[in-house]
Structures are given as C-alpha cells and as structure tokens.
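So the structure is just underneath, and the comments pick up after that.
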Amino acid sequence: MTWLWVVLLAIVLIGVLLYLSTTAGRLDRMHHRVEISRANLLAALERRRDLADHVAGVGVLDPASSLVVADAVERADRVAATAGDPTDGAALVPLSLAESDVSKVLCAVFDDRAEVTEMATGPGGDVVVRLADACRRVEIGRRFYNDAAIATRAMRGWRPVRYFRLAGTAKMPETVEMVDTVPAGFAGY
C-alpha cells in the first residue's frame, strides 16, 4: 500500500514540476516578445523621425512648418541619443514625451487632406507617403508593445509565478503612454 502512495506522490510531483517548467518557459517567451516589440517600436520611431526630418528638408512644406517639424525631430533625436539603455522601461518615458511632441507637430502640419494630397502628388511627394506609413507603423508598434507588456505583467502576477520566482531577474515591463495619432491628412495613404 505504501508503494502506491509513493507512486502517486511522484506523479503529482512530476506534474507540478512540469507545470512550473512550462510556465517558466512561457514567461520567458513573453519577455522575449516584449523585447522584440520594444525594438520594433524604437525602430519605427526612429524611421518616423528620419522621414519627418527629410520631409522638413526637402522643401515639400512651407518654411514655417519645416522649421517646426525639424525642431521637434531634433529634440526627439537628442532625447533618443541620451535615453540610455533601450531595454530599460524607464528610458522610454522621456523618449515617449519627445515622440508625443513629434506626433502633435505632425498632426498640426498634416491636418488637411487636400494639402497632403497636393504634397504627395508633387515633387518629393513619395517621402510624404512614406511618412504616412511610418506614422501608422508607430501606432501599431506601440499597440503591439503595450499588449505584450500588459500580458507579461498579468502573467507575472500569478501566484505560482511569484511564489516560485519564475520571472527570475527580468525587469517588469512598463507600458508606453504617448500620443501616436496618425495625422488626419494621411487618411487614405
């Protein structure tokens, strides 16, 4: 009779260890997904800054708008250069504020659909179309990153994950709150 209890205890112990192992693996994959999403978001933000700076310098915009866009991009570039470790969630906060300013400026400059259509069909207009695409990619990239961060945070809140410290030394992912609205003039591009 005692061998039956030993076998049952071994089966339960193996089941618990298997559960903890698969949960730790899943959590590791979720953290990896957060890192990839963060890298994609940072790349999308950099691409949008580069294209916005290019649009400001090409002569597609009027001089005042070019100056405002170039100034916002320059401030965001400066913050991105001094932000520190891109894997650190706290480093994304000042960058998200600077990128929010870029979004607001782009929304103000590219608010009229007719003007954007005129710019897009004129010389150098392909850059405006690429900027519209970059703005959409920033919006999508932030959404993917935040979804991954929220899911990872939720899983790290599970009791077995906390009790057995399955997250290891990984930092708790933070969501990115910023204005990423696509300018109204880019509708249809």
With heavy-atom distances below 4.5 Å as the criterion, would you say the side chains of [X] and [Y] are in contact?
X: Leu61; Y: Met119; answer: yes
X: Arg78; Y: Glu74; answer: yes
X: Phe110; Y: Cys135; answer: no
X: Val161; Y: Leu27; answer: yes
X: Leu92; Y: Arg38; answer: yes
X: Glu177; Y: Ser96; answer: no
X: Arg48; Y: Glu99; answer: yes
X: Tyr145; Y: Asn40; answer: no

Worksheet item: Per the side-chain contact (heavy atoms from CB on, under 4.5 Å) rule, which among Val7, Ile14, Leu9 passes with Ile11?
Response: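 The single option meeting the side-chain contact (heavy atoms from CB on, under 4.5 Å) with Ile11 is Val7.
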Worksheet item: Under the criterion side-chain contact (heavy atoms from CB on, under 4.5 Å), which of Met178, Arg137, Arg142 is the partner of Leu45?
Response: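 Single pass found, and it is Met178.
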With no hydrogens and no angle check, is any side-chain donor or acceptor of [X] less than 3.5 Å from a backbone partner on [Y]?
X: Arg136; Y: Tyr189; result: yes
X: Thr22; Y: Leu18; result: yes
X: Asp111; Y: Pro183; result: no

Which atom names give the shortest non-hydrogen contact between [X] and [Y], and what distance separates them?
X: Val127; Y: Leu51; value: CG1-O, 4.1 Å
X: Leu41; Y: Gly141; value: CD1-C, 3.9 Å
X: Val138; Y: Ala44; value: CG2-O, 3.5 Å
X: Arg49; Y: Val73; value: O-CG1, 3.5 Å
X: Ala56; Y: Ser66; value: O-OG, 3.1 Å
X: Val60; Y: Gly124; value: CG2-O, 3.8 Å

Practice prompt. Might you work through the salt bridge (Lys or Arg N to Asp or Glu O under 4.0 Å) test for Asp133 and Arg47, ending with a clear yes or no?
Written response: CA-CA 10 Å; Asp133 180 58; Arg47 181 171 184 260; 3.6 Å; yes
Atom [atom1] of [X] and atom [atom2] of [Y]: how far apart are they, to the nearest 0.5 Å?
X: Phe186; Y: Leu106; atom1: CZ; atom2: CG; value: 6.5 Å
X: Asp28; Y: Thr152; atom1: CG; atom2: OG1; value: 10.5 Å
X: Glu46; Y: Asp77; atom1: CD; atom2: CG; value: 8.0 Å
X: Arg29; Y: Ile36; atom1: CZ; atom2: CD1; value: 12.5 Å
X: Ser100; Y: Asp180; atom1: OG; atom2: CG; value: 8.0 Å
X: Met30; Y: Ile150; atom1: CE; atom2: CD1; value: 11.0 Å

Worksheet item: Charged N to carboxylate O under 4.0 angstrom, Asp147 versus Arg143?
Response: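 A salt bridge is absent here (no side-chain N lies under 4.0 Å from a carboxylate O).
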Practice prompt. Run the numbers on Arg130 and Asp126 for side-chain contact (heavy atoms from CB on, under 4.5 Å), then give the verdict.
Written response: CA-CA 6 Å; Arg130 289 191 317 211; Asp126 62 322; 4.2 Å; yes
Fill in: Residues in salt bridge (charged side-chain N to carboxylate O under 4.0 Å, His left out) contact with Arg75, at least two apart in sequence or another chain
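By the salt bridge (charged side-chain N to carboxylate O under 4.0 Å, His left out) rule, Arg75 matches Asp71.
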Under a 4.5 Å side-chain heavy-atom rule over Ile, Leu, Val, Met, Phe, Trp and Tyr, are [X] and [Y] clustered together?
X: Val128; Y: Val58; answer: yes
X: Trp158; Y: Val16; answer: yes
X: Phe144; Y: Leu42; answer: no
X: Leu20; Y: Met155; answer: yes
X: Val109; Y: Val129; answer: yes

Worksheet entry | Set of residues satisfying side chain to side chain contact (heavy atoms under 4.5 Å, CB included) with respect to Asp62, sequence neighbours excluded |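 Partners of Asp62 by the side chain to side chain contact (heavy atoms under 4.5 Å, CB included) criterion, ordered by chain and then number, come out as Ala64, Ser65.
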Practice prompt. Dump the intermediate steps for side-chain contact (heavy atoms from CB on, under 4.5 Å) on Glu115 and Glu118, then the final yes or no.
Written response: CA-CA 5 Å; Glu115 287 180 12; Glu118 185 179 319; 5.6 Å; no
Fill in: Residues Thr175 and Arg153: side-chain donor-acceptor under 3.5 angstrom
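The criterion, which ignores hydrogens and geometry beyond distance, is not satisfied for Arg153 and Thr175.
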